[in-house]
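To start, the structure itself, in structure tokens.
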Amino acid sequence: MVRQKIQIKKIDNLTARQVTFSKRRKGLLKKAQELSTLCDAEIALIIFSATGKLFDYSSSSVRKLIERYNQHSESCGILCQPSERGNGDHAMLNKELVDKTLELRQLKGEDLQGLCLDDLMKLEKMVEGGLSRVVKTKSERLIKDISTLKKKESELREENAWLKQQVADVEFPHFFSALMFIYTVVFIQLSV
């Protein structure tokens, strides 16, 4: 009996997809372990299921392997030619990612050791510019919120005045009727 070659596309049936995921995940983890053992290779394998569950395998520390990968990517992104990487866009994007990550860390005040005085001054100006934009945006939002609250206060005062007038209009006739009734009763009592 010959096994049929399956078409590689997303499996629509949820149960079949989960079974296939489980079997292939186990096979992939087993192959990673075998490759690590047979060839003395350092391997880190990280898998997230569709539900977000984490499965991983590492021949040594995952953190150390990721750091090693990042260092290799940084050096290879600078030194490797596009033909060595397989795709020039990938190398360019990888280098840009590394640069932006470093820039972000420096904006947070981390990894400042290798910067010269000029670089530190540029970084300071960038932070000050960003801070001024944040303060400006915050001030604009506060002014807008204050304006909105003043408008709402004005509307509430008008509504309050209208309600007071309604209460006065309703209570005055009843008060006047009650006063007339009392006056009539007192007048009748005095007459008798």
Side-chain angles (χ1 to χ4, degrees), residues 9-15 17-18 21 25 44-58 61-78 82 85 87-180:
K9 66 175 189 171
K10 183 177 177 180
I11 301 170
D12 294 329
N13 185 330
L14 183 63
T15 306
R17 188 179 337 147
Q18 185 61 35
F21 173 79
R25 182 194 73 232
L45 177 63
I46 302 170
I47 303 170
F48 284 99
S49 70
T51 60
K53 190 170 179 183
L54 170 69
F55 302 93
D56 64 334
Y57 168 78
S58 178
S61 170
V62 173
R63 184 174 303 234
K64 288 180 183 176
L65 286 174
I66 291 174
E67 287 173 6
R68 185 173 168 193
Y69 170 78
N70 287 335
Q71 290 171 353
H72 178 72
S73 295
E74 289 173 17
S75 65
C76 195
I78 296 168
R85 294 290 295 193
N87 186 347
D89 290 340
H90 176 70
M92 183 180 68
L93 290 173
N94 196 25
K95 182 179 180 343
E96 187 177 341
L97 175 65
V98 169
D99 292 344
K100 294 297 181 186
T101 302
L102 179 62
E103 184 179 335
L104 181 61
R105 290 176 59 84
Q106 289 172 344
L107 285 171
K108 289 181 181 179
E110 302 169 1
D111 291 339
L112 301 176
Q113 300 84 5
L115 297 177
C116 65
L117 186 58
D118 288 338
D119 291 339
L120 287 170
M121 290 174 69
K122 287 178 188 175
L123 186 61
E124 182 182 20
K125 285 182 181 178
M126 285 175 61
V127 170
E128 287 174 350
L131 182 61
S132 68
R133 286 190 296 273
V134 168
V135 168
K136 181 181 175 188
T137 304
K138 177 184 164 192
S139 299
E140 289 171 354
R141 291 222 179 128
L142 284 173
I143 289 169
K144 183 179 175 185
D145 287 350
I146 288 171
S147 172
T148 303
L149 288 172
K150 283 184 178 180
K151 183 178 177 184
K152 185 153 180 120
E153 177 192 18
S154 173
E155 290 171 356
L156 288 172
R157 286 184 187 273
E158 288 175 10
E159 186 178 352
N160 190 22
W162 181 79
L163 288 172
K164 281 182 181 178
Q165 182 63 41
Q166 292 294 324
V167 168
D169 290 347
V170 169
E171 288 184 359
F172 182 72
H174 293 314
F175 175 72
F176 186 70
S177 300
L179 189 61
M180 288 301 288

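Going from atom CG of N70 over to atom CG of L65 covers 11.0 Å, rounded to the nearest 0.5 Å. Put simply, OG1 on T148 and CZ on R141 are 12.5 Å apart, with the number rounded to the nearest 0.5 Å. To the nearest 0.5 angstrom, N94 atom CG is 10.5 Å from E96 atom CD.
A search for side-chain hydrogen bond (donor to acceptor under 3.5 Å, both in side chains) contacts involving R68 returns E42, not counting sequence neighbours. Take T51 and apply the side-chain hydrogen bond (donor to acceptor under 3.5 Å, both in side chains) test, not counting sequence neighbours, and it matches S49. Checked against side chain to side chain contact (heavy atoms under 4.5 Å, CB included), V135 has the following partners two or more places apart in sequence or in another chain: L131, S139. For D99, the side-chain hydrogen bond (donor to acceptor under 3.5 Å, both in side chains) test picks out K95, with sequence neighbours left out. Qualifying salt bridge (charged side-chain N to carboxylate O under 4.0 Å, His left out) partners for E67, counting only residues two or more places apart in sequence or in other chains: none. Residues satisfying the side chain to side chain contact (heavy atoms under 4.5 Å, CB included) criterion with Q18, sequence neighbours excluded, are F21. Partners of E128 according to the salt bridge (charged side-chain N to carboxylate O under 4.0 Å, His left out) rule, which considers only residues two or more places apart in sequence or in another chain, do not exist here. In this structure K138 satisfies the side chain to side chain contact (heavy atoms under 4.5 Å, CB included) test together with L142, sequence neighbours excluded. Applying the salt bridge (charged side-chain N to carboxylate O under 4.0 Å, His left out) rule to K53 yields no partners; only residues at least two apart in sequence or on another chain are considered. V62 is linked by a side chain to side chain contact (heavy atoms under 4.5 Å, CB included) to I46, D56, S58, I66, counting only residues two or more places apart in sequence or in another chain.
Side-chain atoms of S147 do not come within 3.5 Å of backbone N or O of I143 as any donor-acceptor pair.
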Distance-only check: which donor-acceptor pairs under 3.5 Å involve side-chain atoms of residues 114-123, not counting sequence neighbours?
none

Exercise. Report the C-alpha separation of R17 and L14 in whole Å, then their side-chain angles, then the decisive distance to 0.1 Å, and conclude whether the side chain to side chain contact (heavy atoms under 4.5 Å, CB included) test is met.
Key: CA-CA 5 Å; R17 188 179 337 147; L14 183 63; 4.0 Å; yes

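Heavy atoms of other residues, nucleotides or ligands lying less than 6.0 angstrom from CG of D12 number 12 at most.
Identified under the salt bridge (Lys or Arg N to Asp or Glu O under 4.0 Å) test for residues 155-168, with sequence neighbours left out: E153-R157.
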